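Take a look at the structure set out below.
By convention in this document, chain letters (A, B, ...) are assigned in the order of the sequence lines, proteins followed by strands, and residues within each chain are numbered from 1. FYI, side chains are in, hydrogens and waters are out, and symmetry mates aren't considered; it's all heavy atoms of this structure. Values in this document were obtained by computation on a predicted structure and should not be read as measured data.
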Amino acid sequence: MRKIQFMVPVAVLALTAFTADVSAQTATATYEVQGIEEMALSGNPGALVIASAAELENGVTDATTTWDVTSNMTDTKVTGAIDLAMPTDVTLTVNLAGPTGATSNGAVSLTTTAADLVAGITKVQESGLTVTYGLNALPTAGVVASDTRTVTYTITAGT
Amino acid sequence: MRGLGGQTAGALTILLLLQAQPVQAQESAMTISGDPQALVIATAVAGFGPDPVWDEGTTYSLTATATSSVEAQLDSPLPAGVTLRVQLEPPPGALGAGAVVLSTTAQVLVSSIPAGSYSGLGIQYQLRATVQAGVVPLSSRRVTFTLVETP
């Protein structure tokens, strides 16, 4: 069987839709992103009450609140302090869960001097991070009447 | 020889005053009213990204002699995590593309603009940044708007 091949000339017409720039104008857009560090707490913890020998030995905790954070900076940290000193042999602690990449210092005893709770917060936005309050007392503290303390959290600018 | 009125030539002189007024051919053109205010991101809600900022203080006008579109592009890229969007109010009968993220490649902002003249159309600039963008010092970019006749 013999095959015959034909060369078929094909004319390809490229139909190109053309456009024409007829006028150009420019505007200068000036922009800036400033350092931002924001944190928020979901609310107050429940009352921390030590009412049994086991609670006296182990302490009590509350983990019903959360905190949110946004920072576009590097090495932002959160500190915490209370407005008044705790009674002798009574300790109030707080443990902030750290956002991704940051370091939580765990359960930190609060005093009237700001203590680092979370460090190394870097370019992050997270919400619903657990806040755990703890109350511990030694037997020597005796009976302590119901009282409150205000915990002030401060988010400090990084670099 | 006789004139138009039948009088004998030489007795009547007709003066023809010819005044040539310039005839301007209308050309396609686009103008913008000026530069936007500085776009400064400085706030956020905890747990969320930085708040975007807007400027709606400028307008554009254009005359199109044929169906046209408007494109825009930046002179150089923005830092990582920072976006500049521009939204043009479309003329009647045209198609607006909404808030378009600008880059160094021309993006169509409005298309199918019918021939005609339009003025006072709004321009919205929008700056957004992620937390990963970090702190970005005051900088500027030139936005080039181009009116393009489309087939």
More than 12 heavy atoms from other groups under 6.0 Å of CD on B:Q37: no
Tell me, side chain or backbone of A:S71 under 4.5 Å from chain B's heavy atoms, or both, or neither? backbone
Side chain from CB out, backbone as N, CA, C, O: work out which of these in A:V69 comes under 4.5 Å of a heavy atom of chain B, or both, or neither. backbone
Heavy atoms only, distances under 4.5 angstrom: which of B:A129, B:S139, B:S140 has the most pairs with chain A? Name it, please. B:S139
Sorted by number, residues from residues 28-36 of chain A in contact with chain B (heavy atoms, under 4.5 Å): A:T28, A:A29, A:T30, A:Y31, A:E32, A:V33, A:Q34, A:G35, A:I36
Below 4.5 Å from any heavy atom of chain A, which atoms of B:A42 appear? Answer side chain, backbone, both or neither. both
Examine whether an atom of B:L84 lies under 4.5 Å from a heavy atom of chain A, and if so say whether it belongs to the side chain, the backbone or both; otherwise answer neither. side chain
Taking A:T70 for the side chain and B:F48 for the main chain, is one N or O donor matched with an acceptor at less than 3.5 Å? yes
So how far is it from B:Q132 CD to A:T122 OG1, rounded to the nearest 0.5 Å? 11.0 Å
Of the backbone (N, CA, C, O) and the side chain (C-beta and beyond), which part of B:P36 lies under 4.5 Å from a heavy atom of chain A, both, or neither? both
Scored by heavy-atom pairs under 4.5 Å with chain A, the best of B:P50, B:A72, B:A44 is B:A44
Hphob cluster co-occupancy, B:I41 + A:I155, side-chain heavy atoms under 4.5 angstrom: no
Measure B:Y125 against the heavy atoms of chain A and call it side chain, backbone, both or neither at under 4.5 Å. side chain
Turns out that what part of B:V45 lies under 4.5 Å from chain A's heavy atoms comes down to backbone
For B:T43, is it the side chain, the backbone, both or neither that has a heavy atom under 4.5 Å from a heavy atom of chain A? backbone
Verify the cluster assignment for A:L135 and A:V151: are they in a single hydrophobic cluster under the rule of side-chain heavy atoms below 4.5 Å apart? yes
Could you check whether any side-chain heavy atom of A:M73 comes within less than 4.5 Å of a side-chain heavy atom of B:V135, counting everything from C-beta outward? yes
Looking only at heavy atoms, what is the nearest atom pair of B:M30 and A:Q25, with distance? O-CG, 2.9 Å
With the 4.5 Å side-chain cut-off for hydrophobic clustering, are A:I121 and B:V131 part of the same group? no
Let's test your reading of the structure: which of B:S69, B:G34, B:A38 forms the most heavy-atom pairs below 4.5 Å with chain A? B:A38
Would you say CG of B:D51 has more than 12 non-hydrogen atoms from neighbouring residues, nucleotides or ligands within 6.0 angstrom? yes
If two hydrophobic side chains count as joined below 4.5 Å and joins carry through other members, does B:L138 share a cluster with B:V136? no
Is the CZ atom of A:R149 crowded by more than 12 outside heavy atoms at less than 6.0 Å? yes
Count I, L, V, M, F, W, Y as connected when their side-chain heavy atoms are under 4.5 Å apart, and connections chain through other members. Are B:V40 and B:V143 then in the same cluster? no
Counting only heavy atoms closer than 4.5 Å, note whether B:I32 contacts chain A via side chain, backbone, both or neither. both
Here the pair of heavy atoms bringing B:S28 nearest to A:S23 is O-CB, 4.3 Å
Ordered numerically, the heavy-atom neighbours of chain B under 4.5 Å found in residues 88-118 of chain A are none
